[in-house]
Amino acid sequence: MDSPTPGALHDAVLGWYDDHARELPWRGLEATPWSVMVSEFMLQQTPVVRVLPVHALWLERWPTPADLAAEPTGEAVRMWGRLGYPRRALRLRAAATAIVERHGGEVPTSYDDLLALPGVGDYTASAIASFAFGQRHVVLDTNVRRVLVRAVSGQEFPAPAVTRAERDVATALLPDDEATAATWAVATMELGALVCSARQPSCDACPIAEVCAWRGAGFPAYDGPPRRGQAWAGTDRQCRGRIMALAREQSSVTTAQAEAAWPRADQRERCLAGLVDDGLLTQITPGRWALPG
DNA sequence: TATTCGTGGCT
DNA sequence: TAGCCAAGAAT
């Protein structure tokens, strides 16, 4: 099978996106850079359907970075709800503060300035620069990585961490034109999210199925290094989650409530101390904790 | 580079 | 049903 020309690949994916893109609040002409930025923080490791209602609440309450920066960190954590990884709420508020202090309250437009913000790594900086400002960047998230490794390399799943080869492939495929590159980035992500999914890809609905190397090779199973699952039962994360759920629901958490939520003493105390150390909780009196005010 | 860090739906 | 997985970042 001949390799497709980049132009043909672009046309197929961009055409598919034009017909099948979801209408999301952080897309479209009315979306501000701040709305895009909030969405990118929330979408880190969290599905779109769960982000939608929380994103709406945040943008209604804090329509600008300055609005969020003016609030106590505990309010950000409470409004984060059950999205998970609540340190993202702290980082988003810290990023808002940095935007006020360093960028006059406007979300910075350059990749380097974005990358310097708390909670912003390579993916998020590229995504904001591309989606909010229409710039040309390689945007390598889990969806794009899966699409490219399947279509180009013929493997079911990408390696645990981004490889040089992956980035080279993504760079080579990035359209030259700035606006087209930005649409390409969101289109390849959308293709991975809606069609080229991890478990049950809908190859019959895929615009590049005919040139997909993985499909062409007969869908060989992943044979790379084992991908570590995330342990949950009995972990500190579960313990921390229980305590944070109490803190969000109530004005404070007592020792007795924490004991009821997590009987194992040494782990409970370690997690409480860790949450305080992370800035997610404050010990307001001996034996009583609350979200930071 | 390998771990850690929430939450919940899906198969 | 018990994993697997979801627009990652920080350390």
Side-chain angles (χ1 to χ4, degrees), chain A residues 21-22 24-27 31 35-55 77 80-92 94-95 114-132 137-148 156-164 170 182 185-194 196-201 221-222 225-248 261-262 267 270-271 274-275 277-281:
Chain A
R22 290 170 291 182
L24 299 173
W26 45 87
R27 291 179 183 164
S35 174
V36 173
M37 180 171 165
V38 171
S39 80
E40 289 304 334
F41 270 73
M42 292 181 172
L43 287 164
Q44 293 167 1
Q45 298 287 282
T46 304
V48 167
V49 290
R50 208 170 303 164
V51 165
L52 285 168
V54 183
H55 180 270
V77 173
W80 197 253
R82 295 186 297 187
L83 285 183
Y85 293 149
R87 287 188 291 192
R88 290 182 293 167
L90 295 180
R91 291 172 184 156
L92 181 49
L114 289 164
L115 188 63
L117 296 173
V120 176
D122 169 71
Y123 163 75
T124 302
S126 302
I128 296 171
S130 182
F131 304 156
H137 292 278
V138 169
V139 180
L140 266 186
D141 82 316
T142 187
N143 290 303
V144 176
R145 295 185 64 208
R146 188 174 55 250
V147 168
L148 294 186
E156 184 179 18
F157 295 120
V162 176
T163 65
R164 175 59 188 271
V186 70
T188 47
M189 284 180 63
E190 192 79 334
L191 186 63
L194 298 183
C196 193
S197 55
R199 301 199 187 169
Q200 288 192 320
Y222 177 77
R227 300 182 296 159
R228 289 178 51 83
Q230 304 175 6
W232 176 245
T235 62
D236 282 9
R237 276 195 291 170
Q238 186 184 29
C239 177
R240 288 165 57 107
R242 292 261 181 90
I243 296 169
M244 288 304 297
L246 288 174
R248 286 193 304 268
W262 201 266
Q267 188 177 27
R270 178 175 71 244
C271 288
L275 290 168
D277 194 55
D278 290 342
L280 287 164
L281 286 183

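Each chain gets a letter, A, B and so on, in the order its sequence line appears, and its residues count up from 1.
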_Any residue meeting side-chain hydrogen bond (donor to acceptor under 3.5 Å, both in side chains) with A:Arg27, in chain and number order, not counting sequence neighbours_ = A:Glu190
_Sequence-distant partners of A:Ala187, side chain to side chain contact (heavy atoms under 4.5 Å, CB included), two or more places apart_ = A:Val13, A:Leu14, A:Tyr17
_So, does A:Arg227 get its side chain near the phosphate of C:dC5, meaning an N or O under 4.0 Å from OP1 or OP2?_
yes
*Counting side-chain heavy atoms from CB outward, which of C:dA9, B:dG6, C:dA7 is closest to A:Met189?*
C:dA7
*Quick one: are A:Leu43 and A:Val48 in side-chain contact, heavy atoms under 4.5 Å?*
yes
*Among C:dA9, C:dA6, C:dC5, which nucleotide sits nearest the side chain of A:Gln45?*
C:dA6
*Between A:Arg82 and B:dG8, does any side-chain N or O lie under 4.0 Å from OP1 or OP2?*
yes
*Where along residues 140-147 of chain A does a heavy atom come under 4.0 Å from DNA chain C, residue by residue in number order?*
A:Asp141, A:Thr142, A:Asn143, A:Arg146
*Is A:Ala198 touching bases, backbone alone, or none of the nucleic acid, heavy atoms closer than 4.0 Å?*
sugar-phosphate
_Base B:dT7 to side chain A:Arg50, donor-acceptor N/O within 3.5 Å cut-off_ = yes
*Counting just side-chain N and O atoms, does A:Arg240 come under 4.0 Å of either OP1 or OP2 of B:dG6?*
yes
*asked:* For A:Ala247, give me all partners under side chain to side chain contact (heavy atoms under 4.5 Å, CB included), at least two apart in sequence or on another chain.
replied: A:Val253, A:Leu281, A:Leu291
*To the nearest 0.5 Å, what is the distance between CE (A:Met244) and CH2 (A:Trp80)?*
12.0 Å
*Are any of A:Arg88's side-chain N or O atoms less than 4.0 Å away from OP1 or OP2 of C:dG8?*
no
*Residues in side chain to side chain contact (heavy atoms under 4.5 Å, CB included) contact with A:Arg237, at least two apart in sequence or another chain*: A:Tyr85, A:Gln230, A:Trp232, A:Thr235
*Which residues, if any, of residues 117-125 of chain A bring a heavy atom under 4.0 Å of DNA chain B?*
none
*asked:* Can a donor-acceptor pair be found, under 3.5 Å and without considering hydrogens, that links the side chain of A:Gln238 to the backbone of A:Gly234?
replied: yes
